[in-house]
Amino acid sequence: MAEENKEYTFESPEYRKTYWHTCSHVLAQAVKRLYPEVKLAIGPAIEEGFYYDMDSPFPFTPEILEKIEGEMRKICKEKLKLERFELPRIEAIRFMEEKGEPYKVELINDLPEDAVISFYKQGEFTDLCAGPHVDSTGRIKGNGIKLTACNAAYWRGDSKRQTLQRIYGIAFPKKEELDAYLARIEEAKKRDHRKLGKELGLFTLLDEGPGFPFFLPKGMVLRNTLLDYWRQVHKKYGYVEISTPIILNQELWHRSGHWDHYKNNMYTTVIDGEDYAVKPMNCPGGMLVYKTEPHSYRDLPLRMAELGLVHRHELSGALHGLFRVRCFTQDDAHIFMTWDQMEGEIQNVVRLFDEVYSVFGLSYQIEVSTMPEDHIGEKETWDFATETLKRAIEHMGKDYVINEGDGAFYGPKLDFHLADSLGRTWQCGTIQLDMQMPERFELEYVGEDGQKHRPVMIHRVVLGSIERFIGVITEHFAGAFPAWLSPVQVKVLTVTDRADDYAKEIAAGLDAQGFRSEVDNRNEKIGKKIREAQLQKIPYMLVVGDRDIENKTVSVRHRSGEDLGAMSLDAFAAMLKAEVDSQEIK
RNA sequence: GCUGCUAUAGCUCAGUUGGUAGAGCGCAUCCUUGGUAAGGAUGAGGUCCCCGGUUCAAAUCCGGGCAGCAGCUCCA
């Protein structure tokens with residue numbers, strides 16, 4: 001773009017990338033001016049902003065980042081022209097050696113034989129770079145730049161190599177846009193499920209069990225309500241439910257292949273001198289249940305669901321609230337079927353996903369994950385399974401992207417990434433097609449022809465992990481769950497203690513109809529009770545005072561702030577029932 | 001696991017150059033009986049994450065560990 005003399009619009013994704021890419025060069029230039037001893041690695045533009053990886057003998061503190069920001073603003077003011085030039089490989093290497101940039105030398109060495117080796121020069125600073133860039137550092141708005149963080153990153157993404165320091169930044173052509181961006185980040189932090197989980201009394205994580213969440217009474221109501229719904233919808237889609245043990249003999253895990261491919265993440269124990277393992281997945285248990293009796297083709301597809309508690313030893317640094325834990329409940333199911341049933345059954349699962357996600361107002365993006373390096377089975381089987389998955393969703397008119405080499409060790413999968421209300425995505429649902437486990441466990445069914453055949457299997461989860469899903473919807477709803485899910489649906493607030501008995505009657509009446517209510521009859525003013533119920537994001541507040549006692553009414557307030565006025569308890573209950581039954585989001 | 005940062009009351013946080021601790025909220029008691037987002041007073045509550053070191057003296061300085069946060073790696 002530097003070469004072209006056209007109008008720039010920041011709204012175009014290409015130009016944003018170019019703009020941010022130049023910012024990363026300005027960042028590197030600023031660092032080299034202030035700290036010449038720092039070695040440069042790589043500095044690209046990313047989805048939102050840019051970063052530069054550097055090898056520095058000292059950590060970049062927030063104070064240092066501010067200093068660097070200041071220098072960056074100066075560089076913008078200097079309006080340095082960006083000029084591109086090329087060098088033959090030998091000269092390019094010598095050039096970077098002379099500058100004392102070993103990481104750049106390594107990058108050049110690893111470029112393909114026929115690569116054009118280009119550089120961009122701005123003032124005294126030159127960087128190895130394929131471009132493109134804006135034509136002058138004057139294009140960058142100095143006070144629209146913010147260095148947001150400094151963190152560690154491995155050189156070339158390899159955990160065995162040098163740890164570098166990565167400075168992240170963001171930049172906009174207008175200061176107001178930067179402020180809006182920073183405000184959005186602040187908003188996201190308010191929705192963080194770890195913060196809301198504590199404030200709303202949903203769950204907690206304690207030192208005594210890192211990565212092992214505790215569910216508190218309110219979180220448990222939410223969880224059980226979610227699971228009631230889950231059972232109801234699975235019944236509708238023809239599933240049966242099973243439960244298999246958490247600890248099983250290690251021999252089973254050898255047979256399933258988990259031991260060879262997953263043992264680093266498995267917890268083990270010894271019982272009566274024999275080795276056992278805590279299950280990291282539910283499938284082997286499901287296989288064993290399938291084998292407890294002979295099956296006819298008439299039984300298929302057999303859809304066996306299991307809310308299975310699995311344990312996985314995740315790296316300590318990977319733990320993150322309920323999103324990444326060491327023990328979680330998968331809303332698993334294993335579907336056994338004939339080859340003919342595959343496509344239809346995959347689509348049946350996708351329809352179930354659509355129904356469930358739409359209840360929460362969640363949209364998704366599908367990824368097709370293909371054969372990983374570390375896999376079992378033949379490539380031909382994998383190709384067939386992958387094609388079947390793709391074809392099934394293509395016939396439903398669904399879009400997808402390919403995630404090369406990210407499949408499970410036993411088969412390819414469709415991953416459903418859910419976007420929360422801030423546009424961040426989390427993998428929840430997955431549909432995995434498996435032709436390996438039925439083989440390893442020698443599963444059979446008797447066909448129409450009276451012969452034994454091998455079924456095919458689908459592994460699938462909709463919510464993914466109950467824990468993660470609760471985290472996702474907590475952020476998605478910012479803690480204001482729809483009435484059907486809210487741990488407390490109604491809070492009855494007394495104006496004076498003369499209303500105590502009446503309030504208890506109201507709450508008892510609601511409880512009798514299956515609603516979840518609480519009474520706040522503390523010796524506090526009504527304004528304070530409302531404020532607290534509001535902060536707890538309770539959908540409905542029923543204010544009861546002398547007027548209500550006299551008129552046999554409740555004064556209804558919704559958490560949106562709307563005053564719905566006085567009405568009879570029956571009228572309110574009917575309204576709430578309609579809202580709960582429809583699973584309305586409001 | 002790696003790099004950096006953080007750890008003080010149930011929660012959110014102060015704590016000056018080393019002299020064994022404070023606020024607000026919450027909780028308890030009392031006053032107050034107040035109609036749609038915080039009424040007032042009093043009081044209880046702390047092994048300053050754990051272990052070790054320096055020092056007459058450590059919440060504070062140093063080392064090690066556990067945990068959390070950010071990111072990287074990983075997420076079958």
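Quick note on labels: first sequence line is chain A, next is B, and so on, each numbered from 1. From a predicted model like this one, the values you see are computed outputs, not experimental measurements.
- Between A:R194 and A:D192 there is a salt bridge, with a side-chain nitrogen of the basic residue lying less than 4.0 Å from a carboxylate oxygen of the acidic one.
- With sequence neighbours excluded, no residue satisfies salt bridge (Lys or Arg N to Asp or Glu O under 4.0 Å) with A:R559.
- B:C48 and B:G35 have their C1' atoms separated by 45 Å, with the value rounded to a whole Å.
- When rounded to the nearest whole Å, the span between CD1 of A:I42 and P of B:C72 equals 12 Å.
- Listed by first residue number, the stems of RNA chain B with at least three Watson-Crick or G-U pairs below 3.5 Å are B:1-6 with B:67-72, B:10-13 with B:22-25, B:27-31 with B:39-43, B:49-53 with B:61-65.
- How far CZ of A:F416 is from SG of A:C428: 11.5 Å, rounded to the nearest 0.5 Å.
- A gap of 8 Å separates the C1' atoms of B:C2 and B:U73, to the nearest Å.
- The side chain of A:K528 contributes an N or O atom lying less than 4.0 Å from OP1 or OP2 of B:G26.
- Between A:H320 and B:A70 there is a side-chain N or O to OP1 or OP2 distance below 4.0 Å.
- Using a cutoff of 4.0 Å between basic side-chain nitrogens and carboxylate oxygens, A:R184 and A:E48 are scored as salt-bridged.
- Backbone-only engagement by A:G527 is indicated by non-hydrogen atom pairs under 4.0 Å involving sugar-phosphate atoms exclusively.
- The CZ-C1' distance, from A:R326 to B:C66, rounds to 12 Å in whole Å.
- Among residues at least two apart or in separate chains, ring-ring contact (aromatic ring centres under 6.0 Å, His included) pairs with a member in residues 525-558 of chain A are A:Y540-A:H558, A:Y540-A:F572.
- Residues of residues 195-208 of chain A that place a heavy atom closer than 4.0 Å to RNA chain B, in numerical order, are A:K198, A:D207.
- When the side chain to side chain contact (heavy atoms under 4.5 Å, CB included) test is applied to A:K32, the partners found at least two apart in sequence or on another chain are A:L40, A:E101, A:F125.
- Both A:G321 and A:Q432 lie close to RNA chain B; mapped to their nearest nucleotides by heavy-atom distance, the more 5′-ward contact belongs to A:G321.
- Checked by atom type and distance alone, the side chain of A:D434 pairs as donor or acceptor with a backbone atom of A:Q436 at under 3.5 Å.
- If you check every strand for non-hydrogen atoms under 4.0 Å, A:S555 touches a base.
- Contacts with RNA chain B (heavy atom under 4.0 Å) in residues 366-375 of chain A: none are found.
- The stretch residues 149-171 of chain A touches RNA chain B through A:N151, A:A152, A:A153, A:Y154, A:G157, A:S159, A:T163, A:R166, A:Y168, each having a heavy atom under 4.0 angstrom from the strand.
- Ionic pairing of A:K195 and A:E199 is present here: one or more N-O contacts between side-chain nitrogen and carboxylate oxygen are shorter than 4.0 angstrom.
- Between the NE2 atom of A:H313 and the P atom of B:G1 there is a distance of 7 Å, rounded to whole Å.
- Residues meeting the side chain to side chain contact (heavy atoms under 4.5 Å, CB included) test with A:V221, sequence neighbours left out: A:T225, A:P487, A:R516.
- Where A:R531 and A:K413 meet RNA chain B, the nucleotide closest to each residue was compared, and A:R531 sits on the side nearer the 5' end.
- Taking only side-chain atoms of A:P59, from C-beta outward, the nucleotide of B:A37, B:G4, B:A67 with the closest atom is B:G4.
- Shown here are the salt bridge (Lys or Arg N to Asp or Glu O under 4.0 Å) partners of A:D53, two or more places apart in sequence or in another chain: A:R166.
- Residue A:I526 is in sugar-phosphate contact alone, with no base atom involved, counting any heavy-atom pair closer than 4.0 Å across all strands shown.
- Within 4.0 Å of A:G407, counting heavy atoms only, lie sugar-phosphate atoms of the nucleic acid but no base atom.
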Would you list the protein and nucleotides 6-8 of chain B atom pairs, both N or O, that sit under 3.5 Å from each other?
none

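- Comparing the C1' positions of B:C74 and B:U16 gives a spacing of 44 Å, expressed to the nearest Å.
- Checked against side chain to side chain contact (heavy atoms under 4.5 Å, CB included), A:V495 has the following partners two or more places apart in sequence or in another chain: A:I526, A:V543.
- To the nearest angstrom, P of B:C2 lies 17 Å from CD of A:E314.
- At distances below 3.5 Å, at least one donor-acceptor pair connects side-chain atoms of A:K104 with backbone N or O atoms of A:A41.
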For this session: Could you check A:R557 against A:E562 for side-chain contact (heavy atoms from CB on, under 4.5 Å), going step by step and ending with a plain yes or no?
Result: CA-CA 6 Å; A:R557 180 194 161 99; A:E562 193 186 356; over 6 Å; no

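- Residue contacts shown for A:K263 are absent, as no nucleic acid heavy atom lies under 4.0 Å away.
- Between the CE atom of A:M54 and the P atom of B:G4 there is a distance of 17 Å, given to the nearest Å.
- Computed from coordinates, the A:N264 CG to B:U73 C1' distance equals 14 Å when rounded to whole Å.
- At the heavy-atom level, A:R194 lies under 4.0 Å from the strands shown only through sugar-phosphate atoms.
- Regarding A:D520, its CG atom lies at a distance of 13 Å from the C1' atom of B:U36, rounded to whole Å.
- Spacing between B:C27 and B:C66 at atom C1', rounded to whole Å, works out to 30 Å.
- Spacing between B:A21 and B:G45 at atom P, rounded to whole Å, works out to 14 Å.
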Identify all side-chain donor-acceptor contacts of residues 402-413 of chain A below 3.5 Å with residues at least two apart in sequence or on another chain.
{"from": "A:N403", "atom 1": "ND2", "to": "A:E367", "atom 2": "OE1", "distance (Å)": "2.9"}
{"from": "A:N403", "atom 1": "ND2", "to": "A:D406", "atom 2": "OD2", "distance (Å)": "3.2"}
{"from": "A:E404", "atom 1": "OE2", "to": "A:T370", "atom 2": "OG1", "distance (Å)": "2.9"}
{"from": "A:Y410", "atom 1": "OH", "to": "A:Q432", "atom 2": "OE1", "distance (Å)": "2.5"}

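- Ionic pairing of A:R460 and A:D332 is not present here: no N-O contact between side-chain nitrogen and carboxylate oxygen is shorter than 4.0 angstrom.
- Nucleotides B:G68 and B:C25 place their C1' atoms 23 Å apart, quoted to the nearest Å.
- Atom CG in A:D192 sits roughly 13 Å away from atom C1' in B:G68 (whole-Å rounding).
- Classification of A:E475 and A:K190 as a salt-bridged pair fails, no side-chain N sitting under 4.0 Å from a carboxylate O.
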For this session: Evaluate side-chain contact (heavy atoms from CB on, under 4.5 Å) for A:E467 paired with A:F203, printing each intermediate quantity in order.
Result: CA-CA 10 Å; A:E467 290 76 5; A:F203 68 92; over 6 Å; no

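- Of the C1' atoms belonging to B:A14 and B:C51, the separation is 27 Å, rounded to the nearest Å.
- Using a 4.0 Å heavy-atom criterion, one finds that A:E532 contacts the sugar-phosphate atoms exclusively.
- Rounded to a whole angstrom, the distance from the C1' atom of B:G22 to that of B:C31 is 27 Å.
- Residue A:L202 holds its CG atom at 8.0 Å from CD1 of A:I470, rounded to the nearest 0.5 Å.
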Exercise. Checking side-chain contact (heavy atoms from CB on, under 4.5 Å) for the pair A:F353/A:I431: CA distance, chi angles, key distance, verdict?
Worked result: CA-CA 10 Å; A:F353 281 25; A:I431 302 174; 3.7 Å; yes

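- In this structure, A:R498 reaches the sugar-phosphate backbone alone: every heavy-atom distance under 4.0 Å involves primed, P, OP1 or OP2 atoms, never a base.
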